[in-house]
Student: 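I am attaching a structure below and will ask some questions about it afterwards.
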Amino acid sequence: MTTQHYPFAEIENKWRPIWDEMNLYQTGNDPQKPDSYILDFFPYPSGSGLSVGHGRNYVPTCVSSRFLRMNGHNVLHPMGWDAFGMPAENYAIEHGIRPSESSRLFSETYKRQMQLMACSYDWSREFSSTDPDYYRWTQWFFLLLFKRGLAYQAIGSQWWCPHCQTILANEQVENGRCWRCDSAVTKKDLQQWYFKITDYAERLLADLDSIDWPEPIKIMQRNWIGRSEGAEIIFEISPVSETGPIYQIPVFTTRPDTLFGVTFLVLAPEHPLVAAITTDLPQTAVSTRLRAGVTNYQEQSCRLSEIDRLATDKEKTGVFTGAYAVHPLTGAPIPIWIADYVLLSYGTGAVMGVPGHDSRDYAFATQFGLPIVEVISPNGKPQGIDSCFTEHGILINSGSFSGMDSRTGGVQIVAKLVAGGNVSTEHGRNGRFQTTYRMRDWLISRQRYWGAPIPIIHCPDCGPVAVPESDLPVCLPDTDDFAPTGDGRSPLAHITDWVQTTCPQCGGPGQRETDTMDGFACSSWYFLRFANPHYQEGPFDPEQVKRWLPVDTYVGGAEHAVMHLLYARFWTKVMADAGLIDFVEPFTQLRNQGMMLSVKDGRKMSKSRGNVVTPDEIIASHGADALRAYLLFLGPFEAEALWDDSGIRGITRFLDRVWRLAHEVPMTGELAGTRHEPFERMRHKTIKRITAEMSDFRFNTAVSGLMQYLNFLVAAQAEAVSAAQWRQAVETFMLLLAPICPFISEEIWQTVLGHTGSIHQATWPAYDEAMTHDAQVTLPVEVNGKVRDRIVIMMDADEEMVRETAVSAPGVQRFINGRSIRKVIVVSNKLVNIVV
RNA sequence: GGGGCGGUGGCGAAAUGGCAGACGCAGCGGACUUAAAAUCCGCCGGAGUAAUACUCCGUGUGGGUUCGACUCCCACCCGCCCUACCA
């Protein structure tokens with residue numbers, strides 16, 4: 001019986017229920033075997049379901065898991081849902097259902113599609129971050145951070161998305177726009193909860209060196225953390241009157257060496273000291289105008305959209321406050337300005353203006369006619385102030401520091417300030433060495449319903465009090481009234497029954513915190529839960545976590561480079577500090593799959609662009625095996641790939657030919673007396689190659705390697721190969737193909753080859769190194785770097801012999817043409833190059 | 001402005017110091033067929049030549065290192081992505 005085409009639908013329908021029945025992908029538990037934990041990023045199910053683009057993530061990890069299982073590993077390859085958050089909630093609002101319902105619908109679709117693609121997850125470990133059994137422990141972790149002083153409340157001017165009606169964290173604002181809905185964001189003052197991730201900045205930076213992550217991701221994290229070494233320098237303000245208070249303005253600078261070049265100070269418009277120091281002497285017309293100007297400017301910069309304010313090419317703006325600071329080393333009066341190019345949230349919210357050596361300060365000074373002083377020069381001679389010089393050099397015009405190298409000088413200037421400078425201060429010093437980080441604390445409050453409630457009770461007498469662990473979870477109340485109200489408070493605030501409670505500390509009346517947690521809290525520890533998702537005694541089972549964690553291979557898109565991946569590292573370090581776990585990095589190896597672009601417009605596949613191809617349609621028309629193989633074949637795992645429907649025909653043809661070959665070649669009968677040598681060598685070569693490529697995430701070349709092996713086998717049908725050898729070749733082929741194309745390989749394995757067990761529980765084939773190359777090799781022989789002839793010699797032949805054979809080859813002689821040979825390079829088993 | 005990634009046939013790509021274009025798509029020619037589909041065989045970077053053959057050119061551009069460079073180094077051009085007054 002020879003069937004022309006591989007009947008994918010029939011074969012898939014046959015095996016799906018059988019595999020389910022035998023629980024094929026259950027996590028291994030054999031103490032003799034090594035354990036491997038291979039994990040996909042926690043997906044956030046959306047209403048549009050999966051596109052083939054998602055397969056770029058899930059298929060490779062599945063193939064890897066299958067490969068490891070066949071290589072004798074216990075494999076933990078689980079899947080679950082990061083289901084709190086706005087898409088589910090917005091969908092619920094639009095469709096008049098509850099978010100719990102929309103979340104369930106979305107994750108069911110994801111699961112169905114993943115199963116369609118034959119992703120080999122252990123579904124018995126599935127959970128959702130929205131299960132009270134799960135978020136109970138997310139709340140437990142909140143309390144852990146709270147008790148360790150790492151969760152705190154502060155009032156702050158925060159990003160506010162008018163469309164989503166919620167506060168956003170810094171990293172959720174992209175170019176002044178909301179990362180989810182793309183609306184322009186504004187600012188709003190609210191009491192918020194923060195996690196003190198900045199306490200871990202140094203360790204988050206340092207430990208990057210110990211993990212096997214793509215270098216670009218590490219670089220992005222380093223940039224995000226933004227460590228910057230310099231000094232804090234304190235400027236005192238000349239008192240406005242004899243009795244007035246003496247204010248101090250600390251500034252952060254990376255260039256203390258330029259201190260003698262300071263000609264002004266600039267505060268952020270929102271800086272708390274602005275109102276206090278702005279000259280307020282109503283008897284003079286000038287200062288009244290100043291005060292009005294400052295107030296006016298402050299209002300203006302609040303109103304400016306973030307996009308405008310961040311536009312670096314716009315003209316510098318600012319106003320003078322009327323106040324003067326005292327230069328800590330020279331005692332000179334320094335005018336104090338405010339300007340929106342200084343950010344309150346970085347450093348101290350104030351900078352010293354050094355127009356001679358900072359391009360922004362230069363632009364500002366030029367704009368407002370402020371003096372420019374040159375204090376660094378490349379060669380120690382004044383260069384003039386027509387432009388600003390931002391490099392290091394030799395200090396000039398810097399008192400006793402003149403003539404020093406600016407790096408040395410900077411250190412000495414700070415040392416002088418630490419000792420007290422020339423101008424006395426109350427603290428006895430005018431500065432110190434200081435390291436600043438660009439990273440801010442992690443804002444976790446969300447004024448939305450669909451999230452894990454923050455487990456805090458506000459008591460008028462005791463302040464914010466932790467909900468006792470025994471009272472967890474603080475469940476989300478069932479309500480139909482979950483739409484945001486636009487007043488900046490969570491919808492939970494309107495559910496009085498839920499809000500009103502008693503203080504666990506004093507027993508008096510208390511009110512529940514109504515903010516919910518950022519979804520990134522849920523995804524900061526889920527990888528621990530998978531080790532034993534049904535554990536009830538704590539967030540995770542310490543014994544199973546010891547066994548499986550940290551995650552061996554973690555796979556997802558590069559877009560989470562600074563959010564999820566930084567938060568999860570932070571929580572892991574907190575857990576380690578609390579003695580809960582014995583490792584400090586959650587993901588030993590990270591790999592990023594490339595984006596899937598549509599061939600239609602060359603852009604990322606997304607529902608809004610209308611260029612989505614779903615796995616459902618491809619599996620219906622070509623089968624799951626073809627989809628899987630094609631996804632891998634498109635290009636390198638980590639590179640972006642273009643989805644082009646027409647290319648999948650190549651895979652379909654390949655599977656049809658595999659099907660036919662397996663049915664056509666003779667696999668029973670007498671073993672011939674002699675073994676077909678090249679046939680056997682090719683088998684070993686292919687095993688070696690595919691094994692290496694699978695281990696190395698080089699799935700695209702693994703697929704083409706299998707195609708080449710098939711081409712070889714098809715051609716070998718013309719050769720005299722014994723039935724036994726054919727059988728062995730077809731078995732090997734199916735085993736190598738099994739992780740990529742689980743259905744066709746299983747069908748041939750059991751039905752054609754007659755095995756009784758599943759191919760997915762079979763052992764990966766072994767190869768003999770000695771058989772992975774031929775006895776003879778053909779070497780190209782070059783003359784002056786150009787191939788002129790080929791010689792056939794024995795593998796590992798003696799170099800002298802190779803040289804002689806090469807030189808005497810006719811094509812070579814023709815080109816040497818009597819010239820003298822200067823050098824002969826012999827690269828063993830590769831090539832010969834003759835230099836004449 | 002800063003950072004990252006990339007640039008190889010008509011297309012997706014392979015080769016990471018050693019025969020550039022494996023493997024596949026599309027295309028062209030042929031076989032089979034009444035015909036088509038499917039399948040199979042062949043060709044498939046450019047130029048020169050009647051031509052087997054052969055020669056030359058060719059991995060964004062220009063230099064360099066090397067017996068030898070898609071690969072390493074320097075400079076530049078182009079595209080995409082991220083980030084942005086971070087003091």
Side-chain angles (χ1 to χ4, degrees), chain A residues 4-5 171 174-176 214-217 219-220 222-224 226-228 230 251-255 258 266 268 309-314 316 339-343 345-354 357-361 363-364 436-440 558-559 561-562 594-595 597 599 602-604 629-630 633-636 638-651 653-654 656-657 660 698 700-711 714 778-788 790 811 814 822-836:
Chain A
Q4 283 279 322
H5 297 281
E171 45 278 54
E174 295 160 357
N175 271 325
E215 202 52 37
I217 301 287
I219 290 167
M220 281 190 259
R222 286 190 193 107
N223 290 345
W224 184 262
R227 182 192 157 99
S228 172
V251 302
F252 175 72
T253 179
T254 53
R255 295 294 301 274
T258 63
V266 188
R309 185 161 163 185
L310 294 181
T312 50
D313 51 353
K314 87 172 174 121
K316 291 277 184 288
D340 65 9
Y341 80 91
V342 176
L343 306 176
S345 50
Y346 183 77
T348 62
V351 303
M352 59 185 210
V354 186
H357 305 284
D358 180 283
S359 53
R360 295 153 305 187
D361 297 342
F364 191 76
T436 296
Y437 300 90
R438 206 191 81 121
M439 182 171 67
R440 317 287 154 81
E559 67 274 12
V562 287
M595 252 192 314
L597 309 177
V599 77
R603 320 251 350 194
K604 191 183 169 178
Y630 187 50
F633 186 64
L634 279 173
E638 69 284 357
E640 54 187 37
L642 273 182
W643 178 271
D644 181 355
D645 283 329
S646 65
I648 201 169
R649 290 172 48 85
I651 301 290
R653 281 185 195 138
F654 166 70
D656 285 344
R657 296 174 77 207
R660 257 178 275 137
R698 279 152 55 213
N700 56 326
T701 53
V703 173
S704 67
L706 288 168
M707 288 174 168
Q708 282 169 52
Y709 191 34
L710 176 71
N711 290 345
V714 167
T778 304
L779 297 191
V781 182
E782 297 179 344
V783 178
N784 287 341
K786 290 202 162 128
V787 181
R788 297 304 183 184
R790 277 157 220 284
R814 200 154 59 82
R822 288 193 18 225
K823 203 172 178 183
V824 179
I825 290 117
V826 178
V827 183
S828 184
N829 301 322
K830 284 259 172 148
L831 147 154
V832 181
N833 188 13
I834 299 164
V835 187
V836 299

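Numbers restart at 1 for each chain; the letters A, B, ... are given by sequence-line order, proteins then strands.
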Student: Of the candidate nucleotides B:rA87, B:rC23, B:rC56, which contains the atom at the shortest distance from the side chain of A:M707?
Tutor: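 It is B:rC23.
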Student: Could you work out the separation of B:rC28 and B:rA36 based on their P atoms and round it to a whole Å?
Tutor: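 14 Å, rounded to whole Å.
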Student: Output the single nucleotide from B:rC57, B:rA22, B:rG18 whose closest atom is nearest the side chain of A:K786.
Tutor: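 Minimum distance to the A:K786 side chain belongs to B:rC57.
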Student: List for me each residue that meets salt bridge (charged side-chain N to carboxylate O under 4.0 Å, His left out) alongside A:R649, sequence neighbours excluded, and say none if there are none.
Tutor: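 Salt bridge (charged side-chain N to carboxylate O under 4.0 Å, His left out) check on A:R649 returns nothing, list empty.
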Student: If we take the P atom in both B:rG62 and B:rC70, what is their distance in whole Å?
Tutor: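 Their P atoms lie roughly 13 Å apart.
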Student: What's the closest nucleotide to the side chain of A:H5 if the choices are B:rA38, B:rC40, B:rA87?
Tutor: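 Nucleotide nearest to A:H5's side chain: B:rA38.
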Student: Given B:rG4, B:rA38, B:rU55, which nucleotide is nearest the side-chain atoms of A:Q4?
Tutor: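 Between B:rG4, B:rA38, B:rU55, the one nearest the side chain of A:Q4 would be B:rA38.
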Student: Within the modelled atom types, does a donor on one side and an acceptor on the other bring the side chain of A:R822 and the base of B:rC67 under 3.5 Å apart?
Tutor: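 Not at all, since no donor on one side and acceptor on the other fall under 3.5 Å apart.
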Student: By nearest atom, which of the nucleotides B:rA84, B:rG3, B:rC19 is closest to the A:N223 side chain?
Tutor: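 Given the options B:rA84, B:rG3, B:rC19, the side chain of A:N223 is closest to B:rG3.
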Student: If the P atom of B:rA22 is compared with that of B:rU83, how far apart are they to the nearest Å?
Tutor: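 It comes out at 39 Å once rounded to the nearest Å.
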Student: Picking from B:rA87, B:rU83, B:rG18, which would you name as closest to the side chain of A:T253?
Tutor: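 Taking heavy atoms from C-beta onward, the closest nucleotide is B:rA87.
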Student: The side chain of A:I825 is closest to which nucleotide in this list: B:rA13, B:rG18, B:rA87?
Tutor: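 Nucleotide nearest to A:I825's side chain: B:rG18.
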Student: Let me have RNA chain B in dot-bracket notation, would you? Count Watson-Crick plus G-U wobble pairs, both distances under 3.5 Å, and use [ ] for pairs crossing earlier ones and | for inter-strand partners.
Tutor: (((((((..(((.....[....))).(((((.......))))).((((.....))))..(((((..]....))))))))))))....
Student: Using the P atom as the point on both nucleotides, what is the distance between B:rC67 and B:rA47, in whole Å?
Tutor: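 That atom pair is separated by 35 Å.
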Student: Quick one: do the A:N711 and A:R657 side chains pair a donor with an acceptor below 3.5 Å?
Tutor: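 A pair is found: one side chain offers a donor N or O, the other an acceptor, under 3.5 Å apart.
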Student: Do you see a donor-acceptor pair shorter than 3.5 Å between the side chains of A:Y341 and A:D361?
Tutor: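 On atom types as modelled, these side chains qualify, holding a pair under 3.5 Å.
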Student: Distance between the C1' atoms of B:rA14 and B:rC19, in whole angstroms?
Tutor: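 Approximately 14 Å lies between the C1' atom of B:rA14 and that of B:rC19.
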Student: C1' atom, B:rU65 versus B:rG17: distance in rounded Å?
Tutor: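 Here B:rU65 and B:rG17 have their C1' atoms 12 Å from each other.
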Student: Among B:rU83, B:rC67, B:rG3, which is the nearest nucleotide to the side chain of A:K823?
Tutor: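 The closest nucleotide is B:rC67.
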Student: Counting heavy atoms from C-beta on, name the nucleotide in B:rC19, B:rA14, B:rA26 closest to the side chain of A:R653.
Tutor: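 Among B:rC19, B:rA14, B:rA26, the one nearest the side chain of A:R653 is B:rA26.
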Student: Quote, to the nearest angstrom, the P distance that separates B:rA84 from B:rC77.
Tutor: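 Those two atoms are separated by 25 Å.
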Student: Grab the CZ-P distance between A:R698 and B:rA22 for me, whole Å please.
Tutor: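 The answer, rounded to whole Å, is 18 Å.
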